[in-house]
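The figures that follow rest on heavy atoms only: side chains count, while hydrogens, waters and symmetry mates do not. Just so it is clear: chains get the letters A, B, ... in the order the sequence lines come, proteins before strands, and each one is counted from 1.
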Amino acid sequence: MPALSSAQIKILSKVAAMSSTVSATSGFWKRNQQRLAPWLFLAPGMIMFSIYVIIPIFQSIWISFYDWDGLGPKTWIGLGNYVELLDDEAFYTSLKNNILWLVLYLLAVPAGLAVALFLNQTVTGIRLYKSLFFFPFVISQVVVGLIFTWFYAPDFGLLSALIKTLTGQSIAILADERYVTLGIIAAGLWPQIAYCMILYLTGLNNINPEQVEAARMDGARGWSLLWNIILPQLGPATFIAIVVTVIGALRSFDLVSIMTDGGPYGSSRVLSFYMYEQALSEYGYRMGYGAAIAVVLFMIMMVFITLFIVRMLMRERHA
Amino acid sequence: MFPTPVQKAAPWVRHAYTIILPIALILWLLPLIGVAITSVRPSADLAAGNYFGIPSRFAGIDNYTAVFRDSPIGWYILNSFKVTIPTVIGAVGLACLSGFALAVYKFRANLLIFFLFVAGNFIPFQILMVPVRDMTLRAGLYDSISGLVLFHIAFQTGFCTLFMRNFITSLPFALIESARVEGVSEWRIFRYIVLPLMRPAIAALSVLVFTFIWNDYFWATVLVQGQHAMPVTAGLYSLNGQWIAAWHLVSAGSIVAAMPPVLMFFLMQKHFIAGLTLGATKG
């Protein structure tokens, strides 16, 4: 427990002096203050969070057992929506794309580490370089989506022009079922690599220099130094990078909506987008079916959330 | 330090590094640079097929004026501010209270509530979409700024509480204990002892939440329909539909929409990164 600084002691005596002037508080409050205070402090946040986050999760699960257009009466159909999902081509396309997103998005973690290692120097202007490398993360995904749509556009897109000069073929990435999801994931990787980079830069900043020097004395160099000494110390950064990347991959909605609107022919849909499309599309509101898709996505996410919580819980116990 | 500082490396490595660094940056930002150049290109260039060359003249003023004059983007930006600022105040304020409660008091449900906030933070938005939209409709808040703000405050409270709780845990607990011995009430301990020490955390969180909310697109499309309450992310998407092939305008609009969080980031960089990398060192 750190000792109090003199400034802190000064604040303390000032607050204590203010308090001694008000002593006419009732006996009940005096006796139970310690026990009631946390609940009073928690109440506003907990009420808001319960209304908008906790309760709606259960409502969504409940709605997924109904056939509902959002306005009229709900009809109970039990597992009907889930049974329908099993036979839905579009659902499998979305699920497959989600897995692709998850796997490829995780490339942001090693890529971010690579960029961080590249930038972890102390040359003039390096701070500005680091900020500019981080830049894509600050920009909204809507803007990132528009930028890459332009970048990929056939005829006048920069990347298409490059591909054409290199291979002589013109490829319309976002109109081609084979490449569309890969193209969108690449756009998503751009800010995500920046995010992982900043996590690793902070991690590298806090590495124990003595250990590194000692390992160097023992003749550790390059890869073996990175693998045996540096990476273990970057553990917390790696963990957070993986968590935010997994969440980012499963939340991917903005880029799909902006860049292709799920097309061509629904081939770039992901679960989050397909759910939105079913629940709120111009083809009619299928709230129950949409909720069922959301529940599936939620279950996938729950696996990762549970892992995360278990790790945090273990750390809390150790502390 | 890892990797070995270039200053200690062979001279050719040092030179190579100073040459590669700017090249790498240009490649990394190439899509962005392309858009920035397109935003100052006259429309005649695009019609004549001059997509990548040097713009025939600087048309930045024309393009940016056109974006503001011919589209409601100024209004959308105003809406974004109207959504973002109250959300930052609300979410950070609520999190100061709940973070304090979870960090300072030991009670049985403490960890359970904390993990509820943490877990709620990571769920996919879609599991909330149908009930939240329905609730907002029934409360008469659909298609309004306040409907959006209320949801954002509630959702961001999860992340902010996690952040605040961890920050307060790292403060000297002896300070609180000695105040209690002096008979200072719990509220005063919060208000006059802990809150002043939370300033760096409040700054870091405010910048982060500002960026998150400014950049939100999903909820803007779910809870808002008309122009009058639409934030700039959703607004830009609808403008993109109107400006087909007018890439100079799309580019200028994108840059305008991206500007506030970018400025925020460069002005408050230290706080922003401190907030984002919380836990990356000790987690």
Please state whether the side chain, the backbone, both or neither of A:Leu297 comes within less than 4.5 Å of a heavy atom of chain B.
-> both

Pick one of side chain, backbone, both or neither for A:Ile147, based on which atoms fall under 4.5 Å of a heavy atom in chain B.
-> both

Tell me, for B:Thr233 versus chain A, whether the close heavy atoms (under 4.5 Å) come from the side chain, the backbone, both or neither.
-> both

Take A:Leu42 and B:Phe117 through the side-chain contact (heavy atoms from CB on, under 4.5 Å) test and state the conclusion after the steps.
-> CA-CA 11 Å; A:Leu42 270 173; B:Phe117 277 121; 4.2 Å; yes

Toward chain B, the part of A:Arg35 with a non-hydrogen atom under 4.5 Å = neither

If one checks every heavy atom of A:Ile198 against chain B at 4.5 Å, the contacting part turns out to be both

Evaluate the side-chain contact (heavy atoms from CB on, under 4.5 Å) criterion for residues A:Thr122 and B:Gln7: first the C-alpha distance (whole Å), next the side-chain angles of each, then the deciding distance (0.1 Å), finally the verdict.
-> CA-CA 8 Å; A:Thr122 46; B:Gln7 287 87 344; 3.6 Å; yes

Sorted by chain and number, sequence neighbours left out, side chain to side chain contact (heavy atoms under 4.5 Å, CB included) with A:Ala153 holds for A:Phe156

Which pair of heavy atoms, one from B:Val250 and one from A:Leu146, lies closest together, and at what distance?
-> CG1-CD1, 4.2 Å

Closest approach of A:Gln121 to B:Thr4 (non-hydrogen atoms, all atoms of both residues) | NE2-O, 3.3 Å

With a 4.5 angstrom heavy-atom cut-off, could you sort out which part of B:Ile273 is near chain A: side chain, backbone, both or neither?
-> side chain

Is it the backbone or the side chain of A:Leu119 that comes under 4.5 Å from a heavy atom of chain B, or both, or neither?
-> both

Verify whether one side chain among A:Ser257 and B:Tyr217 offers a donor that lies under 3.5 Å from an acceptor in the other.
-> yes

Can you name the nearest heavy-atom pair linking A:Asp254 to B:Asn215, along with the distance?
-> OD2-O, 4.4 Å

Minimal heavy-atom distance between B:Ala101 and A:Phe41, with the atoms involved, is CB-CB, 3.6 Å

Region of A:Pro44 in contact with chain B, defined by heavy-atom distances below 4.5 Å = both

Which atom pair, heavy atoms only, marks the closest approach of A:Ile51 to B:Met135?
-> O-CE, 3.7 Å

Go through the steps for A:Phe49 and B:Phe155 under the test ring-ring contact (aromatic ring centres under 6.0 Å, His included), then give the verdict.
-> CA-CA 6 Å; A:Phe49 201 69; B:Phe155 192 81; 7.1 Å; no

Under 4.5 Å from any heavy atom of chain B - which part of A:Met312 | both

Engaged part of A:Ile300 at the chain B interface, taking heavy atoms whose separation is under 4.5 Å | neither

For A:Ile229, is it the side chain, the backbone, both, or neither that has a heavy atom closer than 4.5 Å to a heavy atom of chain B?
-> neither

Portion of A:Val142 that has a non-hydrogen atom of chain B nearer than 4.5 angstrom = side chain

Would you say the side chains of A:Ser131 and B:Gln269 form a donor-acceptor pair under 3.5 Å?
-> yes

Taking all atoms of both residues into account, what is the closest heavy-atom pair of B:Pro131 and A:Pro56, and its distance?
-> CG-O, 3.4 Å

Honestly, the part of A:Leu250 sitting under 4.5 Å from a heavy atom of chain B is neither

For chain A, the option from B:Ala258, B:Pro22, B:Ser251 that forms the most heavy-atom pairs under 4.5 Å | B:Pro22

What part of A:Ala194 is in contact with chain B, defined as an atom under 4.5 angstrom from a non-hydrogen atom: side chain, backbone, both or neither?
-> both

Close side-chain approach of B:Leu276 and A:Tyr195, heavy atoms under 4.5 Å | yes

Please flag which part of A:Phe308 lies under 4.5 Å from any non-hydrogen atom of chain B: side chain, backbone, both or neither.
-> side chain

Is there a donor-acceptor contact under 3.5 Å from the side chain of B:Arg180 to the main chain of A:Gln34?
-> no

Tell me, do A:Asn120 and B:Pro3 make a side-chain contact under 4.5 Å, heavy atoms counted?
-> yes

With under 30° as parallel and over 60° as perpendicular, where do the rings of B:Phe218 and A:Phe253 fit, or are they tilted in between?
-> perpendicular

Take B:Phe265 and A:Phe134, measure what ring-ring contact (aromatic ring centres under 6.0 Å, His included) needs, and give me the verdict at the end.
-> CA-CA 10 Å; B:Phe265 166 66; A:Phe134 180 63; 5.2 Å; yes

Contact origin within A:Phe151 toward chain B - heavy atom pairs under 4.5 Å = side chain

